[in-house]
There are 2 protein chains.
Amino acid sequence: MKRTIQFAPVNLGRAGEEVALQIEAAIIERQLEPGDRLPSERELQVHFNTSRGVIREALQALKQKSLIEIKKGAKGGAFVREVEVATVGESLALFIKRQPMSPYHLIEFRESLDRTITPLAITRGSAAEKEELLSKAKDLERLFLQQEPDMEQLAELDRELNLKFAQMARNPIFEWIMHALQIGFSSSDFNLYNRADYRNKTAENWRHTAQAIAEGEPLKALSHISYHYAMLLQLLELEAGDGVEIQEWTAKSASE
Amino acid sequence: MKRTIQFAPVNLGRAGEEVALQIEAAIIERQLEPGDRLPSERELQVHFNTSRGVIREALQALKQKSLIEIKKGAKGGAFVREVEVATVGESLALFIKRQPMSPYHLIEFRESLDRTITPLAITRGSAAEKEELLSKAKDLERLFLQQEPDMEQLAELDRELNLKFAQMARNPIFEWIMHALQIGFSSSDFNLYNRADYRNKTAENWRHTAQAIAEGEPLKALSHISYHYAMLLQLLELEAGDGVEIQEWTAKSASE
DNA sequence: TAGGCTCCATTGGTCGTACCATTATGACGG
DNA sequence: CCGTCATAATGGTACGACCAATGGAGCCTA
């Protein structure tokens, strides 16, 4: 005959999952607050009446979710992490990395995001923030104009600029998406910044956009954004085709 | 011939991370394709010259990221998963669960997303898709009008409707975001569908929107979308305040 | 006393082994 | 031909041991 019916098989598959879920629940329900330290693995092992391996797997899973942070040594252990927008964006990045996504898709989405954020940033961003945005844009331009720009520092500044922009919309979702896109973009392989002409135009355009935002001119800002992404698209077409120079975009450029 | 993948032994700290990274890289670079089976834990243990616990932690991490799937028993093991939009949305859900996010933020983002997708869907969606969208909207309306709507089936239909809508934009990023939002919404607690008046108006509005999309009338569609979210916002205000009925929105409603 | 040094307890990280639970497969027998 | 059972492969769990890093207590020296 078949097996006898098992009542309440508490082994819901894997014990590690169960442990992880319990701790995760405790964190989400604020029974454990950011900064709190969980018991050591050896204590948890006794508490959950299980082996240390199971505890370790559970903790690693939580660490993967950026829910905890693990330190070695005396007074080490698992500490509940602060919620940060920066720590939650990996899944999109992974998605972009695995799915051979066309740069056009990325650019299209990025532009739509920028266009959505712009009016919000103008309406909700403080004067100080607008000033900071403009200041960063000028920094970026200055950095771009150098003979040998530090690509590392440059990417960082570009990242900050975009993130600041998203923050000004006063909606954490935009911030989250923007961060995830940053990762996606940088992990993507088209390093257009290597082209000096693109660099210069981008920096100049950023300044114009920040200026328009500071002045509270949404249409101007949107115009610059359109210009930027149109240029980006054209550049991609060129890379796919021959190596012709950038066309005379300045003629069609948004009025300053 | 059989593909052989060379994994380098690991000497650095965090051996588990290292192993996970190597396998992840192999997956992303398509050296391992969906459906492929990784060597058993005991084999990997030898290949990486490490202990089985380390291998297990690495595999659990990859499983967490939905990169692999693990089966027990003979011919079990770790299998590379298919990339699905559906499997990547957990981080947003977690984000929303931890950060007590205002429904307003969700709604605002959701509306901006809808408004962005609309013209794309009209331009790129096939006639068949538009027909399907309208058909689903009518199904939804029919379901809503029943005395005792099956909330389960209803939520599912609403989900399909939104997802179809996002698909018509022909950009996987929109699809992904939409899916993530679905999770976020459903994990959020405001079950507005319990209000019969809201249900009816929502269903009617969906039909109007789908109709406008099918007719290729972006402005009409956007108008209906505006109406929908304005109503949603008003409902939230009411819930926060007293229990007054919905105002006369129909007067300001978009022309049909 | 101040500054540094050493030792040591704590704790995560790794390793190895043994055993259990589940599952596919093939051998066996009716 | 079909069901049943043994078997091997494989993940899941447990236990025990040791290593490596870390921070602090206590000691030593100038």
Side-chain angles (χ1 to χ4, degrees), chain A residues 1-23 27 32 35-81, chain B residues 2 5 7-23 27 32 35-81:
Chain A
M1 90 175 211
K2 210 65 179 99
R3 263 194 322 275
T4 55
I5 301 178
Q6 300 209 358
F7 292 107
V10 193
N11 294 344
L12 298 173
R14 357 228 178 274
E17 305 272 338
E18 183 61 27
V19 173
L21 281 181
Q22 287 196 35
I23 300 182
I27 293 178
L32 287 170
D36 284 359
R37 177 182 173 278
L38 274 67
S40 74
E41 295 180 352
R42 290 171 176 84
E43 289 179 66
L44 288 173
Q45 172 182 356
V46 196
H47 183 274
F48 281 100
N49 189 28
T50 181
S51 80
R52 201 174 147 212
V54 168
I55 300 294
R56 281 189 63 78
E57 281 182 11
L59 291 183
Q60 292 298 322
L62 295 179
K63 178 183 162 193
Q64 265 296 318
K65 290 188 184 180
S66 299
L67 282 174
I68 62 174
E69 175 184 20
I70 300 182
K71 296 181 193 170
K72 282 193 297 193
K75 285 194 62 176
F79 296 84
V80 179
R81 282 189 72 163
Chain B
K2 180 180 177 180
I5 298 171
F7 293 120
V10 58
N11 312 341
L12 304 178
R14 296 335 141 180
E17 304 275 340
E18 184 61 26
V19 172
L21 281 180
Q22 285 195 38
I23 299 180
I27 294 178
L32 288 169
D36 283 358
R37 177 181 173 279
L38 273 67
S40 73
E41 296 180 351
R42 290 172 176 84
E43 287 179 68
L44 287 173
Q45 171 183 357
V46 182
H47 284 156
F48 282 102
N49 189 26
T50 181
S51 80
R52 204 178 144 208
V54 169
I55 300 294
R56 281 188 62 78
E57 280 182 10
L59 292 183
Q60 292 298 321
L62 295 179
K63 178 184 162 195
Q64 256 295 317
K65 292 188 184 179
S66 300
L67 282 174
I68 62 173
E69 174 185 20
I70 300 181
K71 296 180 192 169
K72 285 191 293 192
K75 290 197 65 173
F79 297 83
V80 179
R81 284 189 69 161

Counting only side-chain N and O atoms of T50(B), is one of them less than 4.0 Å from OP1 or OP2 of dC15(C)?
-> yes
Nearest-nucleotide wise, let me know which of A74(B) and G53(B) is further upstream toward the 5' end of DNA chain C.
-> G53(B)
Does some side-chain heavy atom of E17(A) sit less than 4.5 Å from a side-chain heavy atom of K63(B)?
-> yes
Distance check: side-chain N/O of R37(A) vs OP1/OP2 of dT11(C), anything under 4.0 Å?
-> yes
Taking the side chain of K75(B) as its heavy atoms from C-beta onward, which of dA18(C), dA14(D), dA24(C) lies nearest to it?
-> dA24(C)
In whole angstroms, the gap separating C1' of dG12(C) from CG of L62(A) amounts to 16 Å
Candidates dG11(D), dA21(D), dC15(C) - which lies nearest the side chain of R56(B) | dG11(D)
Residue I70(A), side-chain heavy atoms: nucleotide from dT10(C), dG12(D), dG12(C) that is nearest = dG12(C)
What one should report as the nearest heavy-atom pair of L59(A) and A78(A) is CD2-CB, 4.4 Å
Value in whole Å for how far the C1' atom of dT11(C) lies from CG of L59(A) | 12 Å
Value for CZ (R56(A)) from CZ (R56(B)), rounded to nearest 0.5 Å, stands at 12.5 Å
State which of dT14(C), dA21(D), dT13(D) makes the closest approach to the side chain of V54(A).
-> dT13(D)
Give a yes or no on whether a donor-acceptor pair under 3.5 Å exists between the nucleobase atoms of dG16(D), that is its base, and the side chain of R52(A).
-> no
Measure the distance from CD on E18(A) to C1' on dG12(D) and round it to the nearest whole Å.
-> 15 Å
Roughly, in whole Å, what's the span from CZ in R42(B) to P in dA8(D)?
-> 14 Å
What nucleotide among dG23(D), dA14(D), dG12(D) has an atom nearest to a side-chain atom of S51(A)?
-> dA14(D)
Would a 4.5 Å heavy-atom cut-off, applied to side chains only, mark Q60(B) and I70(B) as touching?
-> yes
Look at all strands and tell whether G77(B) reaches a base, only sugar-phosphate, or nothing, counting heavy atoms closer than 4.0 Å.
-> sugar-phosphate
Do side-chain atoms of R37(B) reach the backbone of G76(B) as a donor and acceptor pair under 3.5 angstrom?
-> yes
Give Q45(A) one of three labels, base, sugar-phosphate or nothing, depending on what nucleic acid heavy atoms sit under 4.0 Å from its own.
-> nothing
Distance in angstrom units between I55(A) CD1 and dG16(D) P, rounded | 16 Å
Tell me: CD of E57(B) to P of dT14(C), nearest whole Å?
-> 7 Å
Atom NZ of K71(B) and atom P of dT10(D): how far apart are they, to the nearest Å?
-> 14 Å
Value in whole Å for how far the P atom of dG13(C) lies from CG of N49(B) = 20 Å
